[in-house]
**Student:** 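Here it is, the structure in full.
First listed ligand is number 1; within each ligand, the first listed atom is number 1.
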Amino acid sequence: MSDTIESALHENRHFPPPADFVANARLKPEEAEALYRKAEEDHEGFWCDLAREKITWHREFSVGLDDSQAPHYAWFTDGRMNVSYNCIDRHLDTRGDKPAIIFEGENGDTRTYTYRDLYHEVGKLANGLRASGVRKGDRVVIYMPMIAEAVIAMQACARIGAVHSVVFGGFSADALRDRIDNSGAEVMITADGGTRGGRVVSLKKTADKALDICSGTVRKVIVCKRAGNEVNMTEGRDVWWQDLVADQPVDCEPEWVESEHPLFLLYTSGSTGKPKGIQHASAGYLLNTIITNEWVFDLHDEDIFWCTADVGWITGHSYVAYGPLAVGATQVVYEGVPTVPDGGRWWQMCQAHGVTVFYTAPTAIRALMKLGDEIPAEYDLSKLRLLGTVGEPINPEAWMWYYRTIGGERCPIVDTWWQTETGAHMIAPLPSVTTLTPGSCTRPLPGIVADVVNEEGESLGPDQGGFLVIKKPWPSMLRTVWQDDHRYKSTYWPKFDGKYYLAGDSARRDPDGNFWIMGRIDDVLNVSGHRLGTMEIESALVAHEAVAEAAVVGRPHDVKGEAIVAFVILKGERPTGAAAEEMVKALREWVSEHIGPIAKPDDIRFADGLPKTRSGKIMRRLLRSIAKGEEITSDTSTLENEAVVAQLQGKA
Ligand code: PRX
């Protein structure tokens, strides 16, 4: 992280919005200015006006913000609406035949769904869910490949007021079990398998494993036939999606839910304990996804939008499954990885589908940058007009490569800071207004009151690092941690008299007022733009029979952002040579099985003990230095067991 801060401090390149971009933008500079002014004068009124304008209501609301239960904030409480209706039905008259989703499989199969097709597919599945006894408020776990049916499944849940909980298809049976049990889901939607990286991932097999070990709430499993791999179907419990919907009518009356009705849970890592089920509401969430697709992505009717995120993450919720549909856009959905059959796949797809607005993560940009400029140069990327990034700070070198090689020095780059908890972009450029600086996510959006403060909650001056906070509630904020209000309060509102939302990131502002994200303040790693709690990985490691103790820290990595380094104490002798290599292999596999391949430690070191203070606290700062290979200059004599430092450094 320190590299990012260091380079950022010297960054003085500025990129004002191109004139032709401004001329055609949805949001003109003077309109943006008016929005900022209005938000400052009347925060609640600002959001109410937008909610009336952007959402199609079944029953209008009269209450804007209800803060009587703070820090549980509620928005537009007496209104009724349906998210799926807003994403599909309201476009049928004007955009019924417009492509909503252009799907491409890794193997190259494609299928286009118009808004009317989506209406039919979502309606049939929603009816199938209702026929299976799913009612408003019931939880449905979705464990799918990145195929159009994943979006259809989410929309079908929204249509009938069921609360979906999407689990990333790369997660293991254990991780899936935790999420099923915590959500108390009765129904699961999965697929036989999906294709990623040239091989079939057998999702149903993993789902079966999870169902074998979970507490048994799931009574129905709907299986989409996709990869054609062989699966076991359990009589009475499992049904093929294609069979379930075969006789269902296409029309499905939406469930008109209250604004605050939970739309979904999405589990995310914290510094301690099990992943937390971030709970989002319906109307407020929808509102922020709509305005950010309009303001930040500047989506016009003619645009072809492509967000490369999987629906297993929040980005795939707000910028694949909901936001782009709510604004009536056409978007690309791709099943596979960017390197099959070669590193030109994404650029080839941009060319083939005429992508105009492209959104991805810095880790992917860095990985593709490494493959060289010749690959993107083979493709016609001239239709691109706007690029975006999300997930972690983008280093200026990667920013410049993205700008020049992919964007042809023509496309503004929107570096969007936000979180699972915030639901939508919070700090991000308005591409028709903001002068860009590589590495900075620039300014808070209208209506978002972000600040950098010290321990006492006082605003800090230019270039002073502190806590990133949001000082006023916003519609798409998380409502709580599923069935754990205490965790909601203690994680997000622990300081500043419970008045400011604590994002968990440290940040600074430069003299121009641009925000620079510096890193996490808790024990959360950001690996390839995905949040992983160090404690989750430690728990997985100590669950192995040979392991006595483990500590996990991050180390800067030039593609993934952070690499995972695990310090492990075994129950027996400290292994060396081939025995150590064997054990490293076994433990990496173990973590992969227990959490998922993304959590596999990059580096595992063994010692006789962990460096601890005399009061028994693990010295994480020291471990981080060791992981980075830094010279240990601090005094280690206060350590209870000084000798282990040399072992962990590989010197003894
Ligand atoms: O640390 C910040 C980083 O990702 C965290 C949120 O992770 P998650 O909930 O998984 O959502 C990722 C996609 C929204 C933040 O607390 N982060 C996200 N976007 C940026 C970022 N750090 C720097 N710059 C960004 N643009």
**Student:** Enumerate the salt bridge (Lys or Arg N to Asp or Glu O under 4.0 Å) contacts for residues 167-185, please, sequence neighbours excluded, ordered by first and then second residue.
**Tutor:**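 Applying salt bridge (Lys or Arg N to Asp or Glu O under 4.0 Å) to every pair that reaches into residues 167-185, excluding sequence neighbours, yields D178-K274.
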
**Student:** Tell me whether the count of non-hydrogen atoms from other residues, nucleotides or ligands lying under 6.0 Å of CD in E397 goes above 12.
**Tutor:** no

**Student:** Identify, chain by chain and in numerical order, each protein residue with a heavy atom under 4.0 Å from an atom of ligand 1.
**Tutor:** I314, T315, V390, G391, E392, P393, D415, T416, W417, W418, Q419, T420, D505, I517, R520, N526, R531

**Student:** Could you pull out all residues at least two apart from T435 that satisfy side-chain contact (heavy atoms from CB on, under 4.5 Å)?
**Tutor:** H14, P16, P17

**Student:** For the residue pair W493 and Y73, does the interplanar ring angle fall in the parallel (under 30°), tilted (30 to 60°) or perpendicular (over 60°) class?
**Tutor:**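 Tilted: the ring planes of W493 and Y73 meet at 30° to 60°.
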
**Student:** Only counting residues at least two apart or in another chain, list the ones meeting side-chain hydrogen bond (donor to acceptor under 3.5 Å, both in side chains) with T190.
**Tutor:**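 With neighbours one apart ignored, the set is empty.
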
**Student:** Any chance you could measure L299, atom CG, to Q331, atom CD, to the nearest 0.5 Å?
**Tutor:** 9.5 Å

